[in-house]
Amino acid sequence: MRRDLKSVEDLVFAGLVHAERSEVLQAVARRYAIGITATVASQINGDDPSDPIAAQYIPSDLELREMPDELTDPIGDHAHSPVPGIVHRYPDRVLLKIVGVCPVYCRFCFRREMVGPQGDGNLSGHELADAIAYIAETPEIWEVILTGGDPLILSPRRLKEVAVALSGIAHVKILRIHTRVPVVDPDRITLELIEALKASGKTIYVALHANHPREMTSDAMTALARLADAGIVLVSQSVLLKGVNDNAEILADLMRAFVAARVKPYYLHHPDLAPGTSHFRLSIAEGQAIMRSLRSQLSGLCLPSYILDLPGGHGKVALGEDNVLRQEDGTYRILDRAGTEHRYRDS
């Protein structure tokens, strides 16, 4: 494929979806955006019904099946948004959601109700100014995390405007960017884009989202090398997904590929309770077993932290063996960072 795919019709034309499935997938598309870059489309093995790349991006009728515990805002973005575009969940850092679209739309996305043409939309100029003002007026904020949507879908000119706006805020020391772009559209990682980010004058971290070693192509490695060579620190975030990477050997290959690309493995997320995503979720016990296997075979350089973003905006917790207790009724008793107890049920 030489073009991006953005509709069920595009997927049928590309041979990635059978025409007889169009009607039910149109129902999915009316609620959740579709987006597959040409780079990703070229990685999909259409002859493999269990292809792990296809599973991440091609819509499924299973997305219409919702579980009682699923939430439209599973990690509480809206509850912690003092002004549009800002999520202030932790005292020393904020999310700055500058864009509401992505180059690809993951079928398991925890913000699937918020991103895409049907989502919350991009920040207006006035809203962005208000968001920057909030950061400037809140001296506790040490780190700003650009997210969305995917911030690196923006032009270098637009990114530079945001970076320059942040450059004058002395108490902000770290600029972090959450993105899939280096693996799904690596040609976007240009020297012009890198220079735009560096206009902030801050220490820059890029958190790369990839879930399977096949995503770490030679083009992706080249894009990541451009970032690393420019002095940008790279970390990873992945989601533990049934049918994609719920296997210690696959995850070991992915983590080693990260380290070889100068990307430090950072987070392995337990899937969030986003609507229509139960077919991707493992139990916490299964995830803990995979992590035990990873610890037995990987260098410490390659080990991510296995975490859960507690539903309702209570923050991230490490899913170690000491703060997670399985109860007789099948629920888990989990202690958050403040020592408060929460109950969590696999679904």
Side chain to side chain contact (heavy atoms under 4.5 Å, CB included) between F258 and M216, intermediate numbers included: CA-CA 8 Å; F258 283 148; M216 299 295 285; 3.8 Å; yes

Y344 versus D69, side-chain donor and acceptor atoms under 3.5 Å: no

Taking every non-hydrogen atom, the tightest pair across M221 and A257: CE-O, 4.3 Å

Set of side chain to side chain donor-acceptor pair (under 3.5 Å) partners for R107, sequence neighbours left out: E63

Verdict with reasoning, R111 to D73, per salt bridge (Lys or Arg N to Asp or Glu O under 4.0 Å): CA-CA 7 Å; R111 290 198 179 110; D73 183 12; over 6 Å; no

Any side-chain donor near an acceptor of the partner, T331 and D329, under 3.5 Å: yes

Set of residues satisfying salt bridge (charged side-chain N to carboxylate O under 4.0 Å, His left out) with respect to E23, sequence neighbours excluded: none

Member of D4, L11, V184 meeting the side chain to side chain contact (heavy atoms under 4.5 Å, CB included) criterion with I36: L11

Please report, to 0.1 Å, the donor-acceptor pairs under 3.5 Å made by any side chain of residues 274-284, with sequence neighbours excluded.
from	atom 1	to	atom 2	distance (Å)
T277	OG1	A274	O	2.6
T277	OG1	R281	NH1	2.8
S278	OG	R65	NH2	3.3
R281	NE	S347	O	3.2
R281	NH1	E70	OE2	3.3
R281	NH1	D272	O	3.3
R281	NH2	E70	OE2	2.8
R281	NH2	S347	OG	3.1
S283	OG	E286	N	3.0
S283	OG	E286	OE1	3.2

Residues clustered with I75, ILVMFWY side-chain links under 4.5 angstrom: F110

Salt bridge (charged side-chain N to carboxylate O under 4.0 Å, His left out) against E66, all qualifying residues, sequence neighbours excluded: R31

Any residue meeting side chain to side chain donor-acceptor pair (under 3.5 Å) with H78, in chain and number order, not counting sequence neighbours: D120

Over 12 foreign heavy atoms within 6.0 Å of NZ, K6: no

Which donor-acceptor pairs under 3.5 Å do side chains of residues 245-255 form with protein atoms, sequence neighbours excluded?
from	atom 1	to	atom 2	distance (Å)
N245	OD1	L241	N	2.7
N245	ND2	N211	O	3.0
N245	ND2	V239	O	2.8
D246	OD1	G243	N	3.2
N247	OD1	E249	N	2.8
N247	OD1	I250	N	3.0

Any side-chain donor near an acceptor of the partner, S293 and Q297, under 3.5 Å: yes

Flag, side chain of T37 to backbone of V40, donor-acceptor distance under 3.5 Å: yes

Residue pair V263, L224: steps toward the side chain to side chain contact (heavy atoms under 4.5 Å, CB included) verdict: CA-CA 8 Å; V263 179; L224 292 167; 4.2 Å; yes

Side chain proximity check, Q288 to V324, heavy atoms < 4.5 angstrom: yes

Hey, can you pull the donor-acceptor pairs under 3.5 Å for the side chains in residues 299-320, sequence neighbours left out?
from	atom 1	to	atom 2	distance (Å)
S299	OG	L301	N	3.1
Y306	OH	H270	ND1	2.8

Spacing of I194 atom CD1 and I204 atom CD1 [to the nearest 0.5 Å]: 9.5 Å

Set of ring-ring contact (aromatic ring centres under 6.0 Å, His included) partners for Y32, sequence neighbours left out: none

Short N-O contact, E143 and R176, less than 4.0 angstrom: yes

Partners passing ring-ring contact (aromatic ring centres under 6.0 Å, His included) against Y90 (at least two apart in sequence or in another chain): none

Check: Q43 main-chain N/O paired with R214 side-chain donor or acceptor under 3.5 Å: yes

NZ (K202) with more than 12 external heavy atoms under 6.0 Å: yes

Cluster companions of M67 among Ile, Leu, Val, Met, Phe, Trp, Tyr (side-chain spacing under 4.5 Å): none

Aromatic ring pairing Y134/H88, orientation class (parallel under 30°, perpendicular over 60°, tilted between): perpendicular

Salt bridge present between E195 and K160 (N-O < 4.0 angstrom): no

Under 4.5 Å side-chain linkage, directly or through intermediates, the cluster mates of I145: V87, L95

Pair D185, T39: side-chain N/O donor-acceptor within cut-off below 3.5 Å: no

